[in-house]
Structure formats: structure tokens, C-alpha cells
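In what follows, a structure is listed as C-alpha cells, so that the remarks can point back to it.
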Amino acid sequence: MNDKKEPRQLGLLPDHGEGAIPVGGMEGENAPRPEIPGVMPVLPVRDIVVFNYMILPLFVGREKSVKAVDAALSGDRYILILSQKDETVDNPGPDDMYQVGTVGMIMRMLKMPDGRLKVLVQGLSRARVKRFVSDDPYHLAEVEALAETEPKELTPEQEALVRSSREISEKILTLRGISPADIMGVLNSVSEPGRLADLIASNLRMKVLDAQAILECEEPVERLRLVNSQLVKEAEVASMQNKIQSMAREGMDKAQRDFFLREQMKAIKRELGDAEGEDEEIENFRKAVEKAGMPKDVKKEALKQLGRLESMHPDSSEATVIRTYLDWMTELPWKKQSKDRLDVKAAKTILDEDHFDLEKVKERILEYLSVRQLNPKMKGPILCFVGPPGVGKTSLGRSIARSLGRKFHRLSLGGMRDEAEIRGHRRTYIGAMPGRIVQGLKGCGTRNPVIMLDEVDKLGTDFRGDPSSALLEVLDPEQNFSFTDHYLNVPFDLSAVMFICTANTLDTIPGPLLDRMEVIRIPGYTEQEKVKIARRFVVPRQAKDNGLKESEVLLDDDILARIVREYTREAGLRNLEREIGSVCRKLARKKAEGEKGPFTVTEKTLHKLLGVPRFLDDEKETTLPPGVVTGLAWTPYGGEILHIEVTTMPGTGKLILTGKLGDVMKESAQAAVSIARAKAELYGIPADFHEKRDIHIHVPAGATPKDGPSAGVTLVTALISSLTGKAISAETCMTGEISLRGRVLPVGGIKEKILAAVAQGMKRVIIPSQNKKDVQDIPEDLRKKIAIKFVERVDEVWPLAKSSARAPKPAPEVKAEAAVEGKAEAKPEAKPAAKPTAKPAPKAKPVAKPSAKPTVKSAAKTAAKPKPKKSK
């Protein structure tokens, strides 16, 4: 059992309690001082220090302590109370107790049913242990009373200390809500510093160590100074407690005040007859749920949430969340849909009005309308338009919506990295809302709009999820009839929506997502197509936007062609529109300055309006030195003409590759060297050239990354040209992948590459035989401007590419026999190849960026680096 103070709340001054005996000295200065015996029993106590004039109950349970109390009661009732240094010690010895304590008188004793004693003790005098006489059966000690000498007259400093202690005590009492009148009367009646210090210290909440230090201080004024410092701390704590309680009380008061005000408002509304406000909101939601045409399961969930809202307080935060949720649920077009315009001829007219050419796309839309007319329950297709920027992919989606008579919503996916943008946020998050798909449906107001997912190839991924994976369900007709948004948490049918995706390249689109889409390629426009589009669409629009009439801007086809050729180099039309807009702005200034139209733009005035031409046909050279071959490149922005330069020099057979080439292109160069070594005798090349000469292959525009296998044919031809010293025709260009067996393998981007060749005035193009099918996509009028030669093996390229071979006249369309023709020409070329050529190959500059499908690694990487002429 523990000897400890009885738990009770003490005020600043001791509560004597019923039947308590007044302590000597508190009744007046003339009270007799008790005689303290020299030897007395010792009562160790925990967690408390007893001071003079202090009366408190103690529970005594330890065996030695009980015997010490019995011994004191059988004698003169005096007992020495010492505090333990460590309260966890159950059987303290002399070293476990402080040597200074308080002599107390046992005033009452009561035996508890559990064997413990409850004693009421009064502190009489502080005393010091001289020595412990014995510790069995209880601690018995010889003690020495500590005399106190109170000053007869207080100095001003001591008086100030006494007053400060009283004032701080009064402040603490006030902060604790205790009436200080009676207690301050007792404090004011005590003028001795030591007695006042003991009186205050006996009721301060202090640690045992601090209280023991005050008890052991014999000088009265110093003791009061220690007590005063503890009072200051207690006042700060009491002040902070009072502040915290006041804040809590204010919060409670505000809540109670709001509650009473709300109840009063309800009563006032009832008196005015406006009590139906909240009920009216619930009823309006119920009617909206009934009208929304929700499926059975969705309606059940909406009514469940409505029931929760009805049972909540209208101003609670949860009620606001549910109210917002019900707003979304009731405003979504669960059944409302627009009626399709199924007139195929009218739709064709609208598509032709908005866009020139693009026949494949228009045919696909008209096929959809035809099938829709015959089978109204068919699911919406998932189309993906792939092509360079500026060819009209996004505007085509708007035209499709107009031709179908549907609403149109464009959703930009470029740079999107958060899956919640597609699927929405759960309602547990603050500020949660549905995904962009559901938001678009709400904005359209119908369940069958045309939704364009723009730039689907530029989706990203990070710690917030993968949006492209979230699109797998959206773009799958077998799954999107039950698309579940995280915010709604109920299925929504997306099968009636017509999704159209756009992309510049397919390389960055994940395979599973690409598999769900029907890919329609939109190639770049030819010069002739750009002129027609500018005449039909761009010039009228820019004239109107710049405050001019169409009749006031006179641009003939030759001038438009010069703008296309000399001021723009792109697959699309954006830069062309900017240049024509610039012309119209300058003409608008002339009109604003008082000149009268119409304004005719000639060759001379064009240069004044737009400045010096930005692009010149400097890439097409009349003659090429040995080792330089013209190649064809494909980029996401269209085809390009470039050169591959090869030079050889005396050395040890090193292969040097420059021009920021990718791994695939480097491997093509190594394969080209191997083929040249294998066929050295055929082309009259020294068999040991790889041991005595270094080969340097360079592709200009060194800041632009280049990669792809379609440079193989160009690399072999340039290498042979450099080694033999024979030049290649400047009017011939080529593309194709090579194998070590000498085969020419098919490559991509044939249409874009040949269009680039025609634009640069090339007369002959050499392509793989397996790409013959791709030639059909080239307009017939362009096929007449260039001779297309098909080859199956590398041996067939050299006779067609040599400068000595005169370029045949351009044929309307080269047929498969062209490949055979190339083979026939290969035989006579074998004769001069048998004679070794002693001359070292002259130095030549390498130029070319052959390109397989992606000649440039990616549009994004290229845009981040310096952009020379071919940076696209």
C-alpha cells in the first residue's frame, strides 16, 4: 500500500475541514510554540512535501509506516514527515529520504476496512534529521528543529516582495474563478515573510524537487523569494488555462447560439408560412430524379442519397456534398439524345463545304451514316486521325458533328497525367468532381455527342495514375456501356458516344489503346492542294478577319504557290494561314490610310509585304560530288529531302559516324560497309579498302536526332560512290532498308517522302518494290512529275543512281516492270566494276538524314533542342 496524500482539489490556502484543529501561530502572535521532542518516529511519504501550518489527510498502508503511526499515537502524537527522493521505492531506507522534513502532529486516525490507516496531520515545524536511531520495526530518528528568525521590521524591498506575493496570489485565485475575499483576508493578516511563504507554498502545485528546495531554505525572506518565483510561473499557467477555457467556451457558445438562432428561424418561417423551404428542396430533387430517366439501379442509389440528405441538418458539410452529388446525377443526360441527321447526301455536302480532299475520312463517315440508317442500334465507332499538325484533324471532328447533327465536345489530353481526369475523384476528397468525360456529357446535354480526344499521343503518366489505361474502358465498345466514374459510382452508358481521337504519331500510343481504335491516316497536303485550300478557305477567312472584303484581296494561284514554296515548309496549313493573314493585315493598313482597293499582290509587292523568302531550293543541287547521295526522310510533320555524305581517307579502317545518329541508323551504316566489302569486286573497289582507309559518314543538321532503318540504300550508294569516285545523279533520290543478303526492304512514309521529292524538283526516286502499293495514294498529277523506280536488291540501285545514267522522262505511273528494268541495267555495270580503281576516293561532304518511319526520334525531343532547317 502507498502512503500518499488523499486526493482532493486544494485551493491556494489549506482547507481545514470539519473538526480541524487550528495550528499554533495562526491564531495570533502570542500563541505558545510547541516543544519538539529530540527523537520521534519517521513517516516517509510520496509525491508531496508537507509545510508548516498545513493540515492534510494521509493514507498509510506500508507496515513500517503503520507501526510508526501507532508509536506516535501511543506517545506525544509527534511524527517526522520526510519526502521520498524516488516515489517508486516501496521500502525506503535512510538514503531514500530527504534529510529535512516537517514535524507533524497526528490529529485524528481512522482504520479503513482494507487495513490501511487514514490520518489527519498538522505541520508544526521544519526539522533536520541528525541521525537515524533504528529502522526496525519502524524508522526512528533523532531530529533537530530548525529555528526561524523573522525580521522585526521589513525593508522596502522585503515589503515589496510580500505585496507582490499577495497580488500574484490574488490574480491566480481570480483566474481560477475562486472568490479571493476570504482567502486574501487570511493572507493580509500574515506579515512575516517566512510564515507567508509556508502558507502559500503549502498550496502551490509544484514538483517535489522545487517544494523540497523551498522547505530546506532557512532564511525567511529568501524562502518567500523562491515562493514568489513559483507564483509567477503558476500565474502564467493559470492565465494560459483561462485563455484556452475561454476559447473553448466561446466555441460552445457560438454553436449554442447558432442552434438557437436556427430554431428561431424555423419558428419564424412556420409563423410566416415559409417552413416548406427545406421540404421543397427535397421534393424538387425527388422530381428531378424521376424525370432524369435513370436506370433502375442508378435511380435506387440517387433516392438512397436523397433519403440521407433528408435526415441531415441542411447546413452540415456532408449535406453539401450529397446536394452537389444529386445535382450531377439529375443533370446528366441518362436518356436524352439528339436525333441523327441520316441524310447521306446532305452530310457529304457539309463535309465538302468544310474540308477539301480528305476523301478517305469522308467516305468512312458516310459509311457510318449509311449503316446507322439501316441499323439504328449500332454502337459508335472509335476513330483515330493520325497526321502532321495543321492538316485539319481537330476541325474535321467539328465538321463530323455538324454533318451528323450532334453536339460536339473537345477534350484536350496533351500533358494529362492524372487518371482522375478521366475517371473522376471519389467523393471522400474535398473538392471532388467527376472526370472530364462525364463533365463533357453534362455540358452537351445529350448522351450521344461527338467527343474529340485531342492529342491522345501526348498522354503522360506519374504517381497519380495512367490516363491512357483509364481510356481503355472508355474506348472499348464492348465495355463502355457500363463506364463507372469514381465520383458518380454508378455505371453510365457511353456506347452512343462517337469518340474521335487525334494524334501526330502512333509510336507513343500504348498498344492496347491503339488496338481499340480505327486508325485513319491524314497525310500532309501537296503544294497544289495547299493552293486550292488557300483559295477556297484561307483567303476569304483572313480577309474577313482583317476587315477586308474578299474581292479586295487579289492573290492569283502563282502568288499563293510562291507563298507556299518560299515562306512555308510544313505538312499542314498553319504557317500558310499566318502568312496570308500577314498579307491581309498590311493590305488592311493601306485601306485604313485611305487607299482604295482592290489590292493586287504581285511578285514584287509580295516580297515587300512578307520580306525576303525564308526558304530557297538550295537543297537541290545541280551536280553532286562523289560520296554525296540524296535521301528521303519522314518526320511527324511531313517528308524531307536530305543528303548523306561519305568521305574516305588513308587510315586503319575506322568507321566514323556523325550527325547525332540513333542506334538503328548506326547499325544501317555498319551493314552498308559490310555489303560494300562483300561486293567490292562487283563495283571495282579494292578488296582491302576496309584495312587501309577510314570511312567517315555524316548526316547534316547535326543538332537534330536522326534514326530509322530506311537510310540503308542511301548509305550503301553513298559509300560506293565515295570509294569508286563516281558521282550520283543530283536528280535522283532514294529510300529503303537493306539486309546483309543485299535485299531492299520496305519502309514507311512513302507518300510524304515522294511529295517532298516532287516539291524539290527531283526527276527520279528509287523505292523498294514492296512499297509499290503505297504509290497509289499519291495524286496522279504528281506521279507524272517524277519517275518512280522499284528495286528488290541493292545491285539494282547503282545503275539507276549513277550520274552517267541519264534520267528517263517522267512517266505517268511506273509499274512493276520498273524493277525488272533496273535488273537489266545491273548487268552492263558489272563489267567496269571488274577493273579495280586505283584512285583514292575524293573527299566529299556527307549529307543525309534517311528515315525509316520515325527519322526524327520524336517531335517532343526535337522541339526541345536547337532547330536547324530539318529540326522537324
Side-chain angles (χ1 to χ4, degrees), residues 349-358 387-399 401-403 408 410 412 414 452 454-455 502 504 522 524-618 637-638 759 863 867-869 871-872:
T349 302
I350 292 173
L351 291 173
D352 289 339
E353 285 177 358
D354 291 348
H355 288 84
F356 177 80
D357 199 20
L358 302 179
V391 295
K393 300 186 295 296
T394 304
S395 61
L396 187 58
R398 200 179 302 275
S399 296
R402 190 163 79 91
S403 64
F408 177 78
R410 176 181 169 273
S412 178
M452 171 154 281
D454 219 0
E455 310 293 352
T502 70
N504 297 127
I522 303 179
Y525 295 108
T526 64
E527 181 180 311
Q528 292 76 8
E529 290 172 339
K530 288 181 180 180
V531 171
K532 291 179 182 178
I533 294 172
R535 168 72 56 209
R536 181 173 169 183
F537 298 100
V538 181
V539 174
R541 180 167 58 245
Q542 288 297 328
K544 181 180 177 181
D545 291 346
N546 290 282
L548 298 171
K549 295 179 182 178
E550 184 179 351
S551 59
E552 293 178 322
V553 181
L554 300 181
L555 290 165
D556 60 28
D557 289 353
D558 291 339
I559 296 299
L560 290 174
R562 290 185 73 89
I563 295 176
V564 171
R565 189 166 52 252
E566 297 179 0
Y567 294 90
T568 65
R569 282 284 172 90
E570 57 176 348
L573 299 165
R574 288 202 177 105
N575 286 329
L576 176 61
E577 184 143 1
R578 292 190 189 101
E579 298 300 330
I580 294 176
S582 179
V583 170
C584 291
R585 285 194 301 273
K586 289 176 171 58
L587 297 180
R589 179 182 174 183
K590 290 184 178 181
K591 183 178 179 181
E593 291 175 348
E595 293 188 31
K596 293 184 179 180
F599 302 99
T600 302
V601 180
T602 64
E603 183 177 344
K604 292 182 179 179
T605 58
L606 178 64
H607 291 173
K608 291 181 180 179
L609 294 173
L610 294 181
V612 179
R614 296 185 183 88
F615 302 99
L616 299 174
D617 292 339
D618 56 346
Y637 308 98
K867 295 185 177 181
K869 187 184 295 183
S871 62
K872 292 182 180 178

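Being a predicted model, the structure only gives us computed values, none of them experimental.
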Main-chain N/O of L548 paired to N546 side chain as donor or acceptor, under 3.5 Å
no
Are any non-hydrogen side-chain atoms of P389 and N504 less than 4.5 angstrom apart?
yes
Approximate separation, where rounding is to 0.5 Å, of E579 CD and T568 OG1
7.5 Å
T602 side, atom OG1; L609 side, atom CG - distance, nearest 0.5 Å:
8.5 Å
Which pairs count as salt bridge (charged side-chain N to carboxylate O under 4.0 Å, His left out) when at least one residue sits in residues 534-548, sequence neighbours excluded?
R535-D557, R541-E577
Quick one: CD1 on I533 to CG on L573, what's the gap to the nearest 0.5 Å?
5.0 Å
Looking only at heavy atoms, which two atoms of F537 and H355 are closest? And how far apart?
CZ-N, 4.0 Å
Quick one: salt bridge (Lys or Arg N to Asp or Glu O under 4.0 Å) partners of K591, sequence neighbours excluded?
E552
For the pair I580 and V553, evaluate side chain to side chain contact (heavy atoms under 4.5 Å, CB included) and give the outcome as yes or no after the intermediate values.
CA-CA 10 Å; I580 294 176; V553 181; over 6 Å; no
What are the two closest heavy atoms between R410 and F408, and how far apart are they?
CB-CE2, 3.9 Å
Can you name the nearest heavy-atom pair linking G390 to R574, along with the distance?
N-NH1, 3.2 Å
Are any non-hydrogen side-chain atoms of V538 and L560 less than 4.5 angstrom apart?
no
Side chain Y525, main chain V531, donor-acceptor under 3.5 Å
no
If you round to the nearest 0.5 Å, how far is CG of L587 from CG of L555?
7.5 Å
Pair D454-S412, side-chain donor/acceptor within less than 3.5 Å:
no
In Å and rounded to the nearest 0.5 Å, what is the OG1 to CG distance from T605 to L610?
9.5 Å
Which atom pair, heavy atoms only, marks the closest approach of A534 to P540?
O-CD, 4.0 Å
Nearest atoms (heavy-atom pairs only) where E566 meets P613:
OE1-CG, 3.4 Å
Any chance you could lay out the salt bridge (charged side-chain N to carboxylate O under 4.0 Å, His left out) test for E570 and R578, step after step, and finish with the verdict?
CA-CA 12 Å; E570 57 176 348; R578 292 190 189 101; 5.6 Å; no
CZ of F356 to NZ of K532: how many Å apart, nearest 0.5 Å?
4.5 Å
Keeping to residues at least two apart or across chains, list the salt bridge (charged side-chain N to carboxylate O under 4.0 Å, His left out) pairs with something in residues 601-613.
R562-E603
For residues V564 and K530, report the shortest heavy-atom separation together with the two atoms involved.
CG1-CD, 3.7 Å
